[in-house]
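Here is the structure we will look at, set down as structure tokens.
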Number of protein chains: 4
Amino acid sequence: MQADNRPLRADARRNRQRILEAARQAFAAEGRAVSLDEIARRAHVGPGTLYRHFPTKEALFEAIIQERLRSLIEQARAARTAADPAEALFTTIDATVADAQAKAELIDALTGAGIDVQSTVAAMTAEFRQEMARLLTRAQEHGTVRRDVGIAEVMALLGGVILALRGRPALPGMNPERALSVLRDGLRSPASAPATFEPGVHQPSPGQEAG
Amino acid sequence: MQADNRPLRADARRNRQRILEAARQAFAAEGRAVSLDEIARRAHVGPGTLYRHFPTKEALFEAIIQERLRSLIEQARAARTAADPAEALFTTIDATVADAQAKAELIDALTGAGIDVQSTVAAMTAEFRQEMARLLTRAQEHGTVRRDVGIAEVMALLGGVILALRGRPALPGMNPERALSVLRDGLRSPASAPATFEPGVHQPSPGQEAG
Amino acid sequence: MQADNRPLRADARRNRQRILEAARQAFAAEGRAVSLDEIARRAHVGPGTLYRHFPTKEALFEAIIQERLRSLIEQARAARTAADPAEALFTTIDATVADAQAKAELIDALTGAGIDVQSTVAAMTAEFRQEMARLLTRAQEHGTVRRDVGIAEVMALLGGVILALRGRPALPGMNPERALSVLRDGLRSPASAPATFEPGVHQPSPGQEAG
Amino acid sequence: MQADNRPLRADARRNRQRILEAARQAFAAEGRAVSLDEIARRAHVGPGTLYRHFPTKEALFEAIIQERLRSLIEQARAARTAADPAEALFTTIDATVADAQAKAELIDALTGAGIDVQSTVAAMTAEFRQEMARLLTRAQEHGTVRRDVGIAEVMALLGGVILALRGRPALPGMNPERALSVLRDGLRSPASAPATFEPGVHQPSPGQEAG
DNA sequence: GATGAATGAGCATTCATTCAT
DNA sequence: AATGAATGAATGCTCATTCAT
């Protein structure tokens with residue numbers, strides 16, 4: 001009998017890692033639609049083992065999301081003390097996008113696709129949101145970010161950009177940096193100089209341009 | 001299945017319309033996850049009939065997307081002759097968002113969620129994209145829209161905003177207009193006055209604001 | 001589209017019968033523990049077909065029980081007008097035992113093993129019980145059946161005898177008639193002559209008798 | 001596994017007892033349907049340990065049944081020397097019922113639900129049966145119990161009453177004493193006065209009585 | 001000898017697709 | 001041409017049994 005917090009046995013830990021890794025990849029590639037059997041197969045593990053570690057598909061999904069969200073929250077929290085509030089906000093947005101790119105499951109989480117909202121994930125998403133809200137408020141008080149947008153819009157646009165980055169087929173010619181700069185400049189106060197707009201740098205998206 | 005081009009029998013045409021209407025509603029409500037039986041039931045039609053008109057779930061899905069894209073393309077094309085190029089672009093963006101909001105299937109299409117892309121849909125998406133590119137180029141030549149973004153980024157952001165609007169549970173306090181205004185202002189040339197930024201209007205998003 | 005009460009198509013009816021027959025046999029042999037796949041296999045039918053006809057294991061189970069209970073109810077109702085009330089009761093008891101013998105599923109139903117009680121089966125069981133109660137009351141008023149037992153005890157004993165008959169391995173030397181005669185004589189009023197007790201007939205159960 | 005007869009180590013013996021106790025409770029509550037993991041958990045023991053002591057679910061089940069049967073056999077054997085043979089039989093019947101009530105697993109055993117019968121349990125059941133047969137014979141020779149029933153019928157009826165007592169949902173209004181009195185009176189010789197029939201005591205079963 | 005993790009066949013159920021009527 | 005029944009592979013999950021630690 002186990003007194004509840006003993007560390008996992010070696011093989012269990014190994015399997016747990018394998019499952020998580022397989023799930024990470026699978027969810028990243030397909031979103032929450034992958035079958036558990038598929039994940040088990042990728043992890044070289046029986047479905048029962050998977051079940052032992054994560055009693056529900058939802059549980060596994062949440063575990064994956066949680067690690068990701070936890071790291072995003074850390075970053076946001078760290079940015080709270082940065083000297084330039086606007087830069088702090090923008091940097092965190094950039095980091096989030098970079099992290100989430102190509103991770104279908106995070107998108108599913110941020111956009112709430114089919115999530116049972118009582119979950120830990122909901123709580124962590126809220127926590128992330130709140131950290132972001134703090135950054136936003138600070139930047140607004142500092143005068144560098146326009147005051148007429150709230151955290152809801154920022155998160156929506158952020159989720160949107162992330163999702164857009166994953167469009168399959170990848171939108172040809174799409175440059176995440178440039179997309180983000182639009183978001184950043186749109187958020188800036190008219191007073192403050194647009195830091196990211198650099199007309200010279202323009203490198204037109206290939207294909208489909210108008211004739 | 002009909003290889004030649006004989007016009008459809010009257011009842012066949014009626015059924016096709018019913019199926020499309022039912023599918024439109026069903027996909028709009030649930031995304032591509034709805035079962036074909038469900039759609040057939042809503043259309044008051046047997047699944048066999050559905051199959052006769054659309055040999056694959058994908059085929060039906062595409063048909064729906066196509067009509068929607070066709071209408072968006074029309075709008076974009078119409079805007080091409082408008083007096084103010086920037087306004088033409090922005091208006092079309094607004095229209096797209098308005099149209100797509102609450103239509104889960106369009107989001108699935110624009111974001112490419114699980115789509116086999118050899119299809120007509122890909123072609124029409126490209127066409128839509130090209131119309132938008134024309135609007136963008138015109139606005140950039142007119143000087144009202146920054147020159148360092150390409151159509152790829154605009155489409156990405158657009159898709160993103162649309163998706164964000166459908167987040168379930170709906171992001172609390174999210175105001176589509178305000179989110180779009182960020183996108184618009186981010187796209188504007190620094191020279192041109194920001195038309196949508198109205199500091200006084202600010203109505204903060206409820207909940208989760210930083211303390 | 002079907003206006004709901006059209007008769008079943010020929011093949012559907014045939015399959016439905018095959019499924020019911022297979023289920024009857026399977027449930028009779030194993031009780032509610034048989035797997036649906038097993039039943040489908042016996043019926044030479046895909047699991048999906050089974051599902052189409054009975055959306056739940058419970059639904060199939062209930063269908064089987066219902067036909068059986070319906071017939072028992074008929075019998076009990078018919079006996080209501082018999083000349084000798086005690087004989088009416090006893091005869092119906094006999095018939096029930098004869099019908100239920102070797103039908104594990106009826107036992108499951110009568111003993112309520114794992115039944116969701118809101119069901120039609122519960123209602124029909126109650127109806128059967130009520131018919132039996134009528135027979136009992138009549139026999140008691142007539143003076144031939146002792147007045148200190150209620151329908152609850154009669155049904156319990158009845159279910160018990162039925163179950164006992166199914167003991168696997170079949171209890172060696174067990175004679176249903178003789179077991180029933182004990183039940184009958186136990187139910188009789190002391191005044192009325194025991195009709196079933198016939199000392200001469202005694203045929204001792206083989207095996208295990210004391211030495 | 002231990003092939004010789006070395007006494008068990010202290011902890012092994014303790015674990016064995018814990019497992020048996022947990023299994024007793026679990027089987028009593030749910031019948032043979034409980035999972036072994038559940039039993040192991042209740043016993044504060046790993047499933048592997050359980051397996052070491054009982055190589056099969058069936059083996060554990062049998063062990064439980066055996067202890068119960070052993071005690072019933074004792075009782076029957078003790079009753080063999082009682083002054084009044086009929087009373088000895090009836091008392092033992094009563095005791096059996098009392099013991100078995102609410103012990104789902106004994107019922108499963110007595111009714112043979114899904115049992116592979118090569119087992120020790122079969123032997124002990126036979127032994128119990130033989131003790132009961134002795135009581136029956138003695139009572140018949142004494143003239144107080146009718147001679148046309150054998151031990152097979154008595155055991156069948158006995159198992160039946162036990163099972164009836166456990167009907168879930170419990171048969172409403174069912175009074176075990178009254179049910180047993182029917183069994184007793186049915187067994188009595190016509191000559192001997194019915195000891196248990198007491199017309200005045202009648203307390204009708206609630207519900208469902210005929211109108 | 002104890003532990004609890006691993007296994008994998010099995011279960012009820014779903015649904016895109018095919019086919020008899 | 002329409003219908004709706006049939007199909008069967010697949011899904012998420014369970015659990016008796018086996019095995020590494």
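To find a chain, count down the sequence lines: A is the first, B the second, and so on, and within it residues start at 1. Below, each value reflects all heavy atoms present in this structure, side chains not excepted, and no hydrogens, waters or symmetry copies.
Rounded to whole Å, the distance from CG on D:L50 to C1' on F:dC19 is 16 Å. Atom pair B:L36:CG and E:dT14:P shows a separation of 16 Å (rounding to whole Å applied).
Closest-nucleotide positions on DNA chain F for C:G48 and D:K57 were compared, and the one nearer the 5' end corresponds to C:G48. Between C:R18 and A:V34, the residue anchored nearer the 5' end of DNA chain F, judged by the nucleotide with its closest heavy atom, is C:R18. Both C:R41 and B:P47 lie near DNA chain E, and the one whose nearest nucleotide falls closer to the 5' end is C:R41.
In this structure, D:Y51 does not reach the F:dT17 phosphate: none of its side-chain N or O atoms is under 4.0 Å from OP1 or OP2. The shortest distance between the side-chain N/O atoms of A:S35 and the OP1/OP2 oxygens of F:dT11 is below 4.0 Å. Phosphate contact (OP1/OP2 of E:dA2, side-chain N/O of D:N15, threshold under 4.0 Å): present. A:H53 has a side-chain polar atom (N or O) that falls below the 4.0 Å cut-off from OP1 or OP2 of E:dA6.
Under the 4.0 Å criterion applied to side-chain N and carboxylate O atoms, C:R41 and C:E38 are assigned as salt-bridge partners.
Using a 4.0 Å heavy-atom distance criterion, A:T49 is classed as a base contact.
For the residue pair D:E21 and D:Q17, no side-chain donor N or O sits within less than 3.5 Å of a side-chain acceptor on the partner.
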